[in-house]
Every structure is written in C-alpha cells, then in structure tokens.
There are 4 protein chains.
Amino acid sequence: MAAQLGFNQYGKAEVRIVKIKRDTERHEIKDLNVSSQLRGDFEAAHTQGDNGHVVPTDTQKNTVYGLAKEKGIGSIEEFGLTLGAHFTSEFDWVTGGRWAIDEYAWNRIPVDGQGHDHSFSKDTSERRTTVVQVDGDEKTVISGISDLTVLKSTGSGFVGYPKDRFTTLAETTDRILATEVTAKWRYTSTDLDFDAVYASIRKILLETFASEHSLALQQTLFQIGENVLEAHPEVAELKFSMPNKHHFLVDLSPFGLENDNEIFFAADRPYGLIEATVVRDDAQPAPGAWATIAGFC
Amino acid sequence: MAAQLGFNQYGKAEVRIVKIKRDTERHEIKDLNVSSQLRGDFEAAHTQGDNGHVVPTDTQKNTVYGLAKEKGIGSIEEFGLTLGAHFTSEFDWVTGGRWAIDEYAWNRIPVDGQGHDHSFSKDTSERRTTVVQVDGDEKTVISGISDLTVLKSTGSGFVGYPKDRFTTLAETTDRILATEVTAKWRYTSTDLDFDAVYASIRKILLETFASEHSLALQQTLFQIGENVLEAHPEVAELKFSMPNKHHFLVDLSPFGLENDNEIFFAADRPYGLIEATVVRDDAQPAPGAWATIAGFC
Amino acid sequence: MAAQLGFNQYGKAEVRIVKIKRDTERHEIKDLNVSSQLRGDFEAAHTQGDNGHVVPTDTQKNTVYGLAKEKGIGSIEEFGLTLGAHFTSEFDWVTGGRWAIDEYAWNRIPVDGQGHDHSFSKDTSERRTTVVQVDGDEKTVISGISDLTVLKSTGSGFVGYPKDRFTTLAETTDRILATEVTAKWRYTSTDLDFDAVYASIRKILLETFASEHSLALQQTLFQIGENVLEAHPEVAELKFSMPNKHHFLVDLSPFGLENDNEIFFAADRPYGLIEATVVRDDAQPAPGAWATIAGFC
Amino acid sequence: MAAQLGFNQYGKAEVRIVKIKRDTERHEIKDLNVSSQLRGDFEAAHTQGDNGHVVPTDTQKNTVYGLAKEKGIGSIEEFGLTLGAHFTSEFDWVTGGRWAIDEYAWNRIPVDGQGHDHSFSKDTSERRTTVVQVDGDEKTVISGISDLTVLKSTGSGFVGYPKDRFTTLAETTDRILATEVTAKWRYTSTDLDFDAVYASIRKILLETFASEHSLALQQTLFQIGENVLEAHPEVAELKFSMPNKHHFLVDLSPFGLENDNEIFFAADRPYGLIEATVVRDDAQPAPGAWATIAGFC
C-alpha cells in the first residue's frame, strides 16, 4: 500500500475587505469576508515539500484587495467569478478553486429623516453568502442567506407523530415556531442580476414563513423552497438547515397561575435540526458543487 | 488573622424569557435575558454551609416567569424594579440585589407592505440593557445600549498626537472611524417613561455620531454624552466603552495601484479602546451603582 | 416543473449528556455532545405536513438518555452504532441516519500526588469526535480530533513559491508554524478497539508534527496522514483542515531593536487554510460518507 | 449645568504577543494577550479634539512589542509593572494606567517520553490573568485564574433552603457540582515570586474543591478563599465568580428505567451565579483597585 494525495484545496480564509465608493459625497460601503482557495496540481508540495506551485495564501489575500480596486466588486457572486477567472488564468496548474464570500449589510444612519451620506450602522441580523466554484470550464454559484432568525407566535402546531417507549412530548396545535434560517440555492447561470434575484428570494422566504400555517417545520421549509423554485427558473435547487429554536411553555401551575401560550422559556440546547433539499424535478444534480458547502449535502 | 466574607451576591443568570401579548390578533413579543442576584445576610451559607437564608437560584428563575405573568413586564427597567421590590419584601434578610435585563428586538415581517400580525424577524444589531440595583431604600437604574456598530467613511481624522521612540503611526485627516458602542447611563429617577427616554437617547447618539466631524474618538464620545445630558435632565451621567475598530488602508502601491481611501482591511485585534464618563457637573456621584457594571467604573 | 424533496435528514442536535460510572468509589465521567438525525421516508411531512413518520426530535433526545442508561456508552463510536441500530430497527421507514458525537475530556484533580476519586477538571484543549452513518445495511464510521492547537517555534520554512504581480511575501527558512488541527479519518470496520486506535492516531499526529522539519504545512499534513495509514490498516483515508495560524515577526527596527525570531504578533484573520485528503491507494472511495461532514469533502 | 469629563482611560486592547526564548535549543514560549490603557490628563482630547496628550494606541501596541524585547517579560505581573513604569515616566501627563495581561499555557509535545525542544500544544483549559494598575505612586496587582472548569460527581448537596410560593426545587444530598472558576486576588506587594505564588494558589484552589464536602457552592468558595489567605500572607483578599453549571438528573422513569445519579443533562442557561469576596480581616480595603475589574466589585 502507499499513501496518496486525494482531494485538496488551500488558500486564505476570511480576508476582511471594506470598500468605500466615494465618487460622490454620498458614499457607498461594501463589507465582505472573502475566502479564496485554489485547486489544481499541488502534489509536490504535499509529497515533497516543493512549493513551486504553491501560490502563497498571502498572495491570494493581496489579490483580493488588488482586484477589488482594479476590477471593482459588483455583487459578491460577480466578485467571486472575477477571482476565479483571475487565478485559473494566471497559473497554468490552477485548474479551479473555491471563492466563498459573505456580505455584511450597513444601513445609513437617519438624520432629520434622511439617510446620512457617509455614516452607517451595521445590520448584523442576517448575512448574504455565496460560494463560487470553478472546475476547469465549469463554474457553479451557490448563494444564500444565513443568521436570519424568524419566529411565529401562533399559526404552528405539531401533532400526529408516532409514539414509542421513549416518547414524552405532548401534541400541540398552537406553539411558537422559531428558527435561524440558513438557506443556500444553486443557480443555473452565472449571468444574472444577482442582487435582484437575492432580494426576491429573501422576500419569498420571509413572506412564506409569515403567511403559511405550519404543521411541521419540514412543511414550512418545503413551502419556501417550492415558492422560490416557482418564481425563479434560474434556481435549480435549495438546501436548508433550520434549527428548531425551542420555546417551551413554562409550567406556572405550581404558582397558581395559568399560562395560555404567554410565557415561554427560550432554550439553547439541544435544538431540533431540520435539513432538506427542495429541487426542481428537471434539474441536473450537482453533488460536487455541494460537497464543500459545510453542513450541506 | 481570620478570613471574612466581603461583598457578595448570588442568583440565577441569563433566564431567557419570551412573553407573547396575545389579547388581540396582533401579537406583541417581549424577548428578555434576565439575571437576578440577591444581596443581604448570606454569611452562614458561606462560613457554615447553612442554607437557611439561601433563596435558591431556581426559585429566583421561577419568580421571573411567575411575576412576568402576574404583574406584567412593561419596560425592562420597570420589570427590574418589580423583581427588586418582590425579593426585598418577601425575605427579611434580603436587603437588596441586582437585576440585569437585556432586551432583544424583533421586527414584524413585512407582507404586502404591512407588518405581519404574529410573524417576526429578530434584530440582532443592537441590544437594550438595564441594571436595576436595590440597597435598602435606595434604588438605582443604569440603562444602556450595546452591540451597536457604527462607521463613518469620512469626516474623521487623527493628527497632532505626541511622538516618541515607539511611534510609527502616520497622521491622517481622512480615515474610517468605526466603533461598536456600549453606552450606559444612570437615571436620577425610577419614575420615567423609560421607553421614550431610551428612544430619544439612542437617536441623539446616532445623530451626533453621524453629523459631527471627529478629531478623535474621544471627542465624538464626549459630544454624544454632552448632547444627551443637555436633552435629558433625568440622566446624571453616561459611561461609554468604545473600541476603535480599525480599518487600515491597504497599501496597493506594490501592485501599481492607487488607494485613495477606497480599499480597507477591517482588523480584529488589537483594537483601540476608549472608555470615558460624561457627567452633569451638579450630579451626585454614585460609585457604588457602577461597581458591579462589568467593564465600567 | 414541480418541486421535489431531495436529500433530507432531521433530528435533535447537541444533546448534552454526562454519565457518571459510580459502581466503585472511583467514579468515571463520560461527557458527550450527541446529535441524532434520521433518514428515510419523510416525504409526507415535507409535502403535506403529515407527521405520521416524524419521530419527534424530543423522542430522539429521550432515546439518547435512555439508551445510555440501558445499553451503556462505551466508546463514542460504539454509542453511535447503538443509536443507529436502535432507530433503524424501531421504525420501518427509518432506513438510516447520522449520529455525530463529540467527547470532552476530564482529568482527575491531583491531591497529594494522586488523581482524586470523584473530582475532575475539564480539558478543553482538544475534542474527540465521531460521525456514525447508517444507510440500509451499510455503516460508516468517521472519527477525528478537533481544536488541537500545535506550534513549532523552529523547524519550519516556506521558500520556492511562485511570484507574480501581487506577491509581497518574503521567503523564510525559519518561522513559527502553528495550526489548529481538525483531522477526520474513515474506518473500514465497525469492530475495533476504538479507544486504542484513537490514542495511537493522536500520538502519531503529535509526534509527526513535532519531529519532522516542515517545508510547507501541506508537507506536514501529508506526513501525518502517511504515518497514520502505515500504522493503521483499519483506516482508509484521512482528511485534514489546518488553518495556518500566522505568527508574524514584528518589525522592531524602527525602535532600534533587532528581532531574531523572538517577538511575534499572533494574528486572527485572515489565516491560511490548508485542506487535503491522504488516502490509501487501494481504498474504496466513499464520497457519500463524507458528504455530511461539515467542511470536508 | 455643564457636561464634565469623569473617569476615563484609553489604550490598545488585546495585543497578541508570542515571545520565543531561543538562546538554547530548548525553546521556551510565552503567549500573552496584553491590553494597555493610560490615565491622566486627557481632557482636551475629549472636549476640544486636541490630541496633544493622546499617546496613540498604536504607539502603546508598539511599546508592548518593543519592551518585551528590550526588557524581557518575566511573569505577566512583572511585565505589567514594566509597562506601567514606562508610560508613567515617559509622558508627564500620564499619571497612571491599567495593564491587563492574560497568559495562555503551552505544553511540550511528548516524543519518546520526552517533551520536545521546540514543538508545543496549547493548553486552553485555563488562563492566568493579571491587572496591574498605577495611580501616581500607588501600584496594585490583582492576579487570577479564569476558564477553569471543575466538577465533583459526588460530595455535594443542597438542602435546608427557604421555600416560598415560587419554590419547586427538590432537596438533594448528592448531586453533581460543577463550576467554571474565575478567581482574582489582590497582592499587597509588587515584589513577589509571582510564578511560585500563582502555582501555589492554583493548587490550593483545586485541592480544596476536590477534597471538601460541599453543602453549598458558597461554602466551597469561602473555603478556597480561607485556605489561600492562610497560606499566603501576601494576598489581601480574593474575589470569585462561580457559575453553577447545572447538571440535571434526567427523569428516566417514563422509560421504565432507574437513574441513580448516573445520567445527567448538562444545561447551558440559565445558570446559578455565585459571587463573593473572602478578605483578610486586617486588610486595607481597596475599592478603587477593583473598580475596573469587569464583573468584580
């Protein structure tokens, strides 16, 4: 037997770049966290410590800053594609890679009812994400939203489940349903108005969660996926990871008090975890594209 | 010599309570993190393991849930005062305590342009805080805001500082100024419209940061404090902890590129840390009230 | 087009269980974080909100506690297999699942040179992990180590890499090499002395890192994998995720001081990220087994 | 009324410095997190934006690196005193300050039964801390230990507490007692073998926790303090913050199983929080020294 090098990639993770567009007095801010990883022929580095092919991770970091200036950023998807095109054309042995970018939102601070020209507050309530991957001529873009916590104070129940010896949960037709959404979807094109599609998918996600009665978090998840696929033919599939952030009704009866779905304990751990894919029936599967998306498959 | 018991307090920390007001179809949500600690005569527990005075921390937790139902919550300041009044009247030997409450905001999810009746998304971009303390007949309320990250993309400089052998920093008249604000202020009354005062102080803080040119983060901090004190006679003093979240200009010259305040590296550590108090000149000092406010003095 | 359900799994995440073995006065402690997820026919829950197949996540939690008592825990790999066998035999429509278990170590507190019988301190410096997956008759076990931070203060360099327009990094034949190891390996058997194999692999990992000169983190990674594969025929492949935790030499020359590899700045972000697989040349590939291992592929 | 500047301090927080002692082949590593803050006359910066007195936080960072080289580090207490002496002598208007230093431990990796010369693994299970403060001629040193999690699987109970309407907790004479210790103690001298005293206090803390039966966490805390004060006349007082990390007995009776203190659920929140001071009866109180120690008073 001999040991062989299998799948590998390397690069610089979490390059924090803030770009200010200041061609007018009304500045714009772009705040990204960029991770660049290269794939290709890096065998000699692993087996012999020969770095002849190892584009330094420091160079990858510099390139993020340099190309942001030289070519601009645009949407995070476009910037990922820019980085991918650069590295695969610049170095013969780099045949592909992975560029993961998170974007943080900033809101203009309101002064006298108007958003200020150059003063902003950070919106940490959600995060827009993308992973652009290049493999030879093939490019895939998987975008998403993370950290978005939503809650329904009614319009959700959980009944009709199987019982066994270990079951103690009581059925309920009215509970709090809360989840911190991580959703990712695969585009079938790299030539899209990514900002507009993102805004639309986000809106569908929120409106579906808000409007539909939920018989199970699984059902809500599927409805969101279905509604997105109907509205967006450029999306092949969506994957969700939805923790069920339990809000347990507190038993106030020992204190002589009723609790008609009013007072809840918000628990940390353990939590339910619902993961599922909603896929267009005529979509080409792309297991490779998802293989490096942490926590999704 | 003998060992003695000095200052002590104990209780239950981080009781996570969510209360849904559901008397109409338009629900309201209150999401709190409550820490209750008692002060008084607990010497025997420490020196002899005699728990005769030790109101269990579990009971303190139960009381948070029970009183939220029985007496309602109101503002977090009012709920802290409710808890304080309960424990100091219920147990003879409990002469005071500390009730720290953080509040998380939730926004109604917009559907067809209207905020939904019972579906919400969590706003994690800032956190409202209070610490209510009771010591015999004296009550103090110190409220604040945390986790609020703000940034000016221009309108800030740093020049004129002393240089010594270890100085390498270059002066600049135009930089990014960013900070994650933690502000706390002491009220001189417990009978206030706490929600209205909070909203006003928050607005002054944001508008001052946005509007005023900054020669130093210290100056900006002081201006905020001064403006709040002028507008709010019920505030005796404010204390701030403001990390200077550095955004360093990236040197693109090795790549043959200019960087006219466009491309920045957002650094994690180390960070500047500016801490200061702005106090009304005729205010009574209250060092005891601040002694247990972590990171403030 | 129609929306279909694709890959899905669900369950209870992060069930924190501590088991005390107390059949003698010398207690033993087992401290685990268990995540249980079921796979099988759960389509109706997603598409119709029909929970007839949805074994509640609460029941899965209860089962973790119940089986820990009834069948014991053994190694984390054995406990994962126990959970898998239970769920797939108890419910017809549950055809597989994923049981991920982390184990936290506790050391006996030394008193008079002897480890105490029932008092322990937690060792948070590393974490033993496993993911047991069942798919019909097939079972896979992928075990690993996480959070282990190691550093070489010499015996590491980085030279001979390609330079381009964006390269500013200087070559060095003597640097600090530090990484926080996450390693995972796939066993080819479920009938092993898992505790003994784990201890051996951990030892090889540490000794290889310590002893071998490193021309690149990639080389060190591969050497570790190769040494493990040689010693352990029951391991088919290893995957590593190794952040290069940069320690930058501080330029003290402006202060008139030399810095002969003595004074370093330990940086947070960005960081290098080296990911690679070392595989036995005659191993059967198992992409499915890795698909749900977050961050590995 | 006018707004005035009250207590203030500023500086650079979390300067991460790693120093390698390499005068022999057997290297030694010192890994610190240093926060430097200056106190003195900084009024003009706050009220007028005049930075004439503002020693840049960047300079403070540089000074940490420079003095570590020039004067060495020694113990963290000695390094804090070195920094304090430097800044208060270098700048007339700097009359004092605060130097907080955390130290991370590294163990030599064992190879063939011997600790390696230059390869280490990080011990994250505890953290040694100090806060050195200078105010004119007065110097105080408050040192401590953090992040140390300890557990007794028996030898602990909780009975005899008062019951009221909100009490539901059952008494127990045998439970798990677990806490994550944060302890801080004030020295009465700056001329000590700080490393030796630290090692001794740490040992007393662990042995007392392990050996003594606990009727309440308060009692255990006091015993530790008392034992340290008896052994160390150079310690004036200790303050502790001890979360009671609850391990709840799981009710297995619905599954027809007994649970004789074997199977526990390790909870996250809420948690008990016990804070107390143990003070030498003839010690001079020093409220000012504790005022800036976050979470202690």
Side-chain angles (χ1 to χ4, degrees), chain C residues 15-22 27 29 31 62 65-66 68-70 106-112 116-126 147-155 176 178 180 203 206-207 209-211 247 250 252 254-255 257-268, chain D residues 15-22 27 29 31 62-63 65-66 68-70 106-112 116 118-126 147-155 176 178 180 203 206-207 209-211 247 250 252 254-255 257-268:
Chain C
V15 178
R16 294 281 292 106
I17 176 170
V18 170
K19 182 172 186 186
I20 306 295
K21 198 170 159 222
R22 45 195 299 150
H27 289 186
I29 182 171
D31 183 357
N62 286 347
Y65 289 116
K69 166 64 185 172
E70 199 166 71
W106 291 83
N107 301 317
R108 291 183 188 279
I109 293 176
V111 177
D112 300 331
H116 195 270
D117 273 354
H118 60 254
S119 294
F120 306 86
S121 65
K122 191 168 185 175
D123 182 350
T124 61
S125 299
E126 57 188 86
D147 301 346
L148 174 64
T149 299
V150 290
L151 178 148
K152 291 165 81 78
S153 56
T154 189
I176 283 184
E180 184 182 325
K203 185 168 186 286
L206 284 168
E207 290 192 348
F209 177 84
S211 305
H247 287 68
V250 179
L252 302 178
F255 323 140
L257 297 169
E258 281 184 54
N259 188 2
D260 187 16
N261 269 350
E262 255 189 291
I263 308 286
F264 296 87
F265 161 53
D268 295 310
Chain D
V15 178
R16 294 281 293 106
I17 176 169
V18 169
K19 182 172 187 187
I20 306 296
K21 197 169 160 221
R22 44 195 298 150
H27 289 186
I29 183 171
D31 183 357
N62 286 348
T63 306
Y65 289 116
K69 167 63 185 172
E70 199 166 71
W106 292 83
N107 302 317
R108 291 183 188 279
I109 294 176
V111 177
D112 300 330
H116 196 271
H118 60 255
S119 293
F120 306 85
S121 65
K122 191 168 185 175
D123 182 349
T124 61
S125 299
E126 57 189 85
D147 302 346
L148 174 65
T149 300
V150 290
L151 178 150
K152 292 165 80 79
S153 56
T154 189
I176 284 184
E180 183 182 326
K203 185 167 185 286
L206 284 168
E207 291 192 347
F209 177 84
S211 306
H247 287 68
V250 180
L252 301 178
F255 324 140
L257 297 169
E258 280 184 52
N259 187 3
D260 187 15
N261 269 350
E262 255 189 292
I263 307 286
F264 295 87
F265 161 54
D268 295 310

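Residue numbers begin at 1 in each chain, while the letters A, B, ... track the order of the sequences.
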Chain C interface, residue from [options] that has the most non-hydrogen pairs under 4.5 Å:
options: D:S121, D:G155, D:A210; result: D:A210
options: D:R22, D:K152, D:K19; result: D:R22
options: D:H247, D:K122, D:K203, D:H118; result: D:H118

Is [X] close to chain C through its backbone or its side chain, or both, or neither, when contacts mean heavy atoms under 4.5 Å?
X: D:L252; answer: side chain
X: D:L206; answer: both
X: D:F255; answer: side chain
X: D:I29; answer: side chain

Does some side-chain heavy atom of [Y] sit less than 4.5 Å from a side-chain heavy atom of [X]?
X: D:W106; Y: C:T149; value: yes
X: D:I109; Y: C:V150; value: yes
X: C:I176; Y: D:V18; value: yes

Report which part of [X] has an atom under 4.5 Å of a heavy atom belonging to chain D: side chain, backbone, both, or neither.
X: C:L151; value: both
X: C:P110; value: backbone
X: C:V250; value: side chain

Quiz: residues 260-267 of chain D side-chain donor-acceptor pairs under 3.5 angstrom, not counting sequence neighbours:
residue	atom	partner	partner atom	Å
D:N261	ND2	D:D174	O	3.1
D:N261	ND2	D:D174	OD2	3.4
D:E262	OE1	C:K69	NZ	2.6

Q: Grab the two heavy atoms, one from C:A68 and one from C:I17, that are nearest each other, plus how far apart they are.
A: CB-CD1, 3.4 Å
Q: Kindly compute the distance separating CZ (C:F209) from OG (D:S119), expressed to the nearest 0.5 Å.
A: 6.0 Å
Q. Is it true that D:R16 and D:D31 make a salt bridge, defined as a side-chain N closer than 4.0 Å to a carboxylate O?
A. yes
